[in-house]
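Throughout, a chain's letter reflects where its sequence line sits, starting with A, and its residues are numbered from 1.
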2 protein chains.
Amino acid sequence: MYNQSGARIVIIEDDQTIREGYAYLIDHTSAYTVVNTYPSFDAARSRIVKDQPDVILLDIQMPGTNGIDALPVLKKMIPQVYIIMLTVYETEKAILDALANGASGYFTKNTPTAKLIEAIKDVMEGGGPMSPDVARTVIMSLQRNQDSPLTKRETQILELITTGKDRGQIAKELFIEVETVKTHTKNIYAKLNVNTKAEAIQVAKDKRLV
Amino acid sequence: MYNQSGARIVIIEDDQTIREGYAYLIDHTSAYTVVNTYPSFDAARSRIVKDQPDVILLDIQMPGTNGIDALPVLKKMIPQVYIIMLTVYETEKAILDALANGASGYFTKNTPTAKLIEAIKDVMEGGGPMSPDVARTVIMSLQRNQDSPLTKRETQILELITTGKDRGQIAKELFIEVETVKTHTKNIYAKLNVNTKAEAIQVAKDKRLV
DNA sequence: AAAAAAATCCCCCTTATGGGGGGATATTGG
DNA sequence: CCAATATCCCCCCATAAGGGGGATTTTTTT
């Protein structure tokens with residue numbers, strides 16, 4: 001495995017105090033080297049490739065291109081780089097968007113430097129470091145509604161509907177008749193108070209039924 | 001907040017050595033009390049409610065009802081309980097299923113007791129503790145394919161297709177004509193080598209395009 | 001400035017799918 | 001034993017979906 005010692009860190013963060021604070025602390029209390037810091041992605045854009053960072057600490061809210069949008073671009077410019085989000089945003093959307101776009105870790109800005117240094121070590125070893133509350137948000141986003149109005153079979157069918165399968169395919173997959181699928185679908189619609197597939201899928205996702 | 005000291009722990013795990021080992025260590029090296037242990041969910045079923053556990057450490061592979069299937073039942077019996085999975089399985093499916101069914105944390109069995117004790121503290125404080133590799137698996141499950149063959153607009157439309165919306169709704173939502181949606185759809189199908197909505201959704205999920 | 005890629009819009013045609021209505025019978029869990 | 005669940009069947013019809021064409025306008029990229 002790659003030797004972590006001296007791994008190159010870049011920080012992109014608009015708040016000067018935070019930026020320089022983290023930079024100084026990481027540089028002086030760990031084996032990692034902060035090779036550069038930028039106040040925005042736009043400032044980093046033309047020069048960051050030359051920095052050859054192993055890990056980037058990336059803010060979300062910044063002047064110009066925001067961190068979420070910067071993510072895929074950074075990943076394209078430096079494919080093997082690990083990116084850890086460092087932000088004040090803890091909304092489920094921000095977290096999920098960041099992770100969907102290639103972030104390897106997610107921390108809020110009040111995270112102590114020691115935890116961040118540990119996180120840098122973690123990502124380089126293949127881990128996925130997150131603050132506890134972020135982890136909880138992620139887990140909750142994966143969690144199903146524990147008291148669904150649907151029966152097991154209905155949930156199963158709704159799940160297949162969600163994948164876009166039509167009645168015929170669902171019937172085949174469950175070894176039942178198309179008519180049975182239809183009946184279940186009717187019952188699902190009634191329970192969810194909808195009358196189209198689209199609405200059913202929306203409600204399913206919304207209420208985490210599938 | 002609830003006072004954690006003396007929080008009640010139950011362990012459900014078929015391997016006697018592991019079960020008793022963790023029980024002893026948690027009992028003697030933390031403020032938590034292991035009120036009971038069971039070799040299987042079926043053995044725990046009738047008595048666990050009386051144990052009034054705050055946290056359950058739950059194995060997946062067990063004789064009789066497996067841990068994943070036990071999860072929703074346990075959650076129904078003891079709604080406020082936190083469940084931490086303790087298993088040898090690290091497959092994406094096992095992890096995601098466990099979290100979907102209400103697990104609050106996920107660790108592999110080689111986890112040192114100290115980390116587990118920390119995890120118990122974490123869940124009770126609203127965190128979502130996981131081993132680093134589990135966290136990585138979870139994050140990867142949320143990650144999109146970084147080099148999709150689709151354009152931004154196409155991805156956007158595929159996403160809406162995924163939600164079950166029809167051409168009309170998609171058009172309305174994006175302020176474009178139905179015909180345009182149709183054209184994009186054709187292009188998406190061509191790029192993904194499919195020719196139905198269902199297949200497109202399948203491929204999209206499979207290749208993490210959405 | 002030119003070429004390539006992406007996004008937009010339009011017409012025709014056919015079939016399968018989705019959704020509404022109604023009714024019936026095993027099987028199972030509490 | 002009763003209610004809930006899962007299974008299967010018929011009729012009807014509107015329309016969404018997919019395949020075939022072709023064309024124009026932005027936006028990027030070279």
Measuring only between side-chain heavy atoms, which start at C-beta, is B:I176 closer than 4.5 Å to B:V181?
yes
Computed from five pairs at either end and rounded to 10 degrees, the angle between the axes of the helix from C:dA1-D:dT30 to C:dG30-D:dC1 is 90°
* **A:K205 atom NZ, over 12 foreign heavy atoms within 6.0 Å** => yes
Open item on the list: Counting the atoms with a prime plus P, OP1 and OP2 as sugar-phosphate, which does A:T151 contact under 4.0 Å by heavy atoms, base, sugar-phosphate, or nothing?
Closed with: sugar-phosphate
Between CG of A:N187 and P of C:dG20 the distance, given in whole Å, is 12 Å
Here the distance between atom C1' of D:dA6 and atom CG of A:L150, to the nearest Å, is 14 Å
By salt bridge (Lys or Arg N to Asp or Glu O under 4.0 Å), A:D69 pairs with (sequence neighbours left out) none
Its contact letters, B for base, S for sugar-phosphate only and - for none at protein heavy atoms under 4.0 Å, make nucleotides 11-19 of chain C read BB----SBB
List, one per line, each side-chain donor-acceptor pair under 3.5 Å for residues 95-103 of chain A, sequence neighbours excluded.
unit_1	atom_1	unit_2	atom_2	d
A:D97	OD2	A:K93	NZ	2.6
A:N101	ND2	A:D97	O	2.9

Taken in chain and number order and not counting sequence neighbours, the residues that satisfy salt bridge (Lys or Arg N to Asp or Glu O under 4.0 Å) with A:K165 are A:E173
Using only modelled atom types and a 3.5 angstrom limit, is any donor from either the side chain of A:T183 or the base of D:dC8 paired with an acceptor on the other? yes
A:R153 CZ to C:dA26 C1', in whole Å, measures 15 Å
A:E159 meets the salt bridge (Lys or Arg N to Asp or Glu O under 4.0 Å) criterion, sequence neighbours left out, with A:R144
A:I176 CD1 to C:dA26 C1', in whole Å, measures 15 Å
Inspect the contact between B:K109 and B:D59 and indicate whether a charged nitrogen and a carboxylate oxygen are less than 4.0 angstrom apart.
yes
N/O (side chain, A:T180) to phosphate O (OP1/OP2, D:dC8) under 4.0 Å = yes
For B:S40 and B:A43, the nearest pair of non-hydrogen atoms, with its separation, is OG-N, 3.0 Å
